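Below, each value reflects all heavy atoms present in this structure, side chains not excepted, and no hydrogens, waters or symmetry copies. Residue numbers begin at 1 in each chain, while the letters A, B, ... track the order of the sequences. Please read these numbers as outputs of a predicted model, since none were measured by experiment.
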Protein chains: 2
Amino acid sequence: MKNNKDMPVEEQSGPLMADVARLAGVAISTVSRALANPGRVNEKTRLKIDAAAKQLGYTPNAMARNLRVGKSNIIMIILPGSLYYGVSQIIPQVLQSINKALIQNGYHLMIANLDRDEMSERHILDLAFSGTVRGAIILSSKLPEVDGRSLANAGLPIVSMLLDMSDAGLPSVVTNDRAAMRDVTEELIGLGHRRFLYIAGPEGNYHDVERYAGALEALRAAGLSEESMSRSGGRRDYQEGFAIGVEAAADFAQLANRPTAVIATSDDMAISFVSRVQRMGLNIPGDLSVVSFDGSPVCEFSSPPLSTIEQPVEEMGQAAVDILMERIDATERGAAMRHVIPSRLIRRESFALAQSTV
Amino acid sequence: MKNNKDMPVEEQSGPLMADVARLAGVAISTVSRALANPGRVNEKTRLKIDAAAKQLGYTPNAMARNLRVGKSNIIMIILPGSLYYGVSQIIPQVLQSINKALIQNGYHLMIANLDRDEMSERHILDLAFSGTVRGAIILSSKLPEVDGRSLANAGLPIVSMLLDMSDAGLPSVVTNDRAAMRDVTEELIGLGHRRFLYIAGPEGNYHDVERYAGALEALRAAGLSEESMSRSGGRRDYQEGFAIGVEAAADFAQLANRPTAVIATSDDMAISFVSRVQRMGLNIPGDLSVVSFDGSPVCEFSSPPLSTIEQPVEEMGQAAVDILMERIDATERGAAMRHVIPSRLIRRESFALAQSTV
DNA sequence: TTGTAGGCGTTATCAA
DNA sequence: TTGATAACGCCTACAA
């Protein structure tokens, strides 16, 4: 402590390395070494120093250290505009798994929210260019870029998760959206379904593109035309899944030749869709089979329990952190890679054999 | 830039204040002033400096600044063990509103997860004692404390949210759990209900204590005995809401004189409970009224739509940040206060007049 | 209004 | 193996 003469109480800044050094009877630099490179110091002095540090309740000042070594130990996660989904636990799960993996590597997690406004972009760019963060994991398809500064040029390792941005030069951790969709569509075809309704999130979104492509692949493989699958949605964001499902139910009611199977691209859509068509008197899965994406646990408690494609969020988060750590340590950067972690279909009662129709 | 002779490319640390100063033809300190106290510098030089800064794409180094001024601009949020709830969006909503409010005040949000293990406590204490964070918002009932160091003694402003910890000296932002529960119970009594089932989270938890007390207040006021309300649950955490609801349905089935109204302390509990008792052939709200806590949007799409008590998370987050900011700025700390923000009952079809029974 | 100089708490280099 | 010393990039008296 240096303020020992008048001690204005207000900001007691805690013990410094100098205090530890004094108590242990060694030089400051020796304390620094003892704490950082315990191997490079005499065992006896190390013990003395450890004891002194513990006695004083010493914790090294992170800002001083980071300034000195020129590196921060904070990673930021860039989340899309709204974190607010209906039943999906993807965001909390991502945060949890990433935070855990980061801590194990000695890093901390900072949140950055990427809204559509310029302010949030500026905020993220400040974080990057001020040296506050050491790397980023991004869950949005847009890299912040405001008057000259772009996140891409911040010299920061970045990993994309959920969305494939390897084209933009970012290593990406994704699930097998396309194959998962192809498989489940195939399975429905196998159950006798020939007319489908596809409920989409925002058109052009990576998930939509991939999943729809997967569905079409299955149709083609079975010799069915593209017209056998109607589309609903495409204008609203995934955050508005409930509204999308409600609108899809209205669309569904209008269809002349009603589909016997519905594929929703989020559990929210499926849940609100089901609630509306049941109200119209339809039986699920008797009249209509339903499958969706996200693997929300609540699907088990719908009536009927909903089949859903679970995304391996834990593994994806862990993988994203692993890749980020590699990038941080690497002297040379490898090529941007696309890492695919397979998802898993949870089969429940919401889909069944097609009624023999027509 | 200082590395201008051989430029090893690897760590291009960006322009410094010295570079801006050189380009603008002024001293470093003038740049510092121009950027921080624009008023205390000649307008003409200020423009020159701004231009130079923009031209170089200069962003001040946050770690150097923070070290110098002895303050960080990072706030940590301490979240309970698992973020993983079934349908509740409380955690994401909290993060969103707090992050937004913090940014408006010039702060950043760091996540800290408080598991039951010592490692996570140590992690949080390091964040606090290393000067990394300037304050904390805590959503857990336990203040980290490991060998000597305690978060309570870190000299850090802390605000509790969701849980009332004013007894422990923390200003707390909570909702009116007790009154909300009293009101809804009263309402059920008014509808003719006389036998209740209360589905609890972990016993002794603040929410459980408050809510149960509220229910009892209503019973007493109506001249009903405590025995008119059965209790289920009490052993599992809120994160296991679905399991609690399933078990409650089993408990319910065993009851000799079945309740006509159920009060669940989370939407997860209500949803899984309903799915099970419906499978037992009961009609809701015909045979059984149901109300729960959390205000999850999905409740609108259950069948029947579920009544639920919505927590004002946005306002609570905003209030928590406001209070934290006051504490940070305040020279003298006021007494710990309890700030109550009222919740709101969303009435849906899941409760109705009691069937005339007995 | 602007410039000079010193220091925030650490780590890293160099001698001893 | 240890100690003195010079940065890291910025802010802030104080002097000019």
Once you round it to whole Å, what is the distance between [atom2] of [N] and [atom1] of [X]?
| X | N | atom1 | atom2 | result |
| --- | --- | --- | --- | --- |
| B:Asn66 | D:dC8 | CG | P | 19 Å |
| B:Leu35 | D:dT12 | CG | P | 13 Å |
| B:Arg65 | D:dT12 | CZ | P | 8 Å |
| B:Leu16 | D:dC11 | CG | P | 12 Å |
| A:Met17 | C:dT10 | CE | C1' | 6 Å |
| A:Leu67 | C:dG7 | CG | P | 17 Å |

Presence of salt bridge, B:Glu121 and B:Lys142, under 4.0 angstrom: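 Here B:Lys142 pairs with B:Glu121 in a salt bridge, since their nearest N and O are under 4.0 Å apart.
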Side chains of [X] and [Y] in contact at under 4.5 Å (non-hydrogen atoms):
| X | Y | answer |
| --- | --- | --- |
| B:Thr59 | A:Asp126 | yes |
| B:Thr132 | A:Met63 | no |
| A:Val174 | A:Leu163 | no |

Table of protein N/O atoms under 3.5 Å from nucleotides 12-16 of chain C N/O atoms:
unit_1: C:dA12; atom_1: O4'; unit_2: A:Arg68; atom_2: NH2; d: 3.3

Flag, side chain of B:Ser172 to backbone of B:Met165, donor-acceptor distance under 3.5 Å: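 Confirmed, B:Ser172 side chain pairs with B:Met165 backbone.
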Side chain A:Asn37, main chain A:Arg40, donor-acceptor under 3.5 Å: no
DNA chain C-proximal residues of residues 45-64 of chain A, any heavy atom under 4.0 Å: A:Tyr58, A:Pro60, A:Asn61, A:Ala64
A:Val173, A:Val313, A:Ile90 screened by side chain to side chain contact (heavy atoms under 4.5 Å, CB included) with A:Leu162, the one that passes: A:Ile90
Counterpart residues, ring pair (Phe, Tyr, Trp, His ring centres under 6.0 Å), relative to B:His339 (two or more places apart):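 Ring pair (Phe, Tyr, Trp, His ring centres under 6.0 Å) check on B:His339 returns nothing, list empty.
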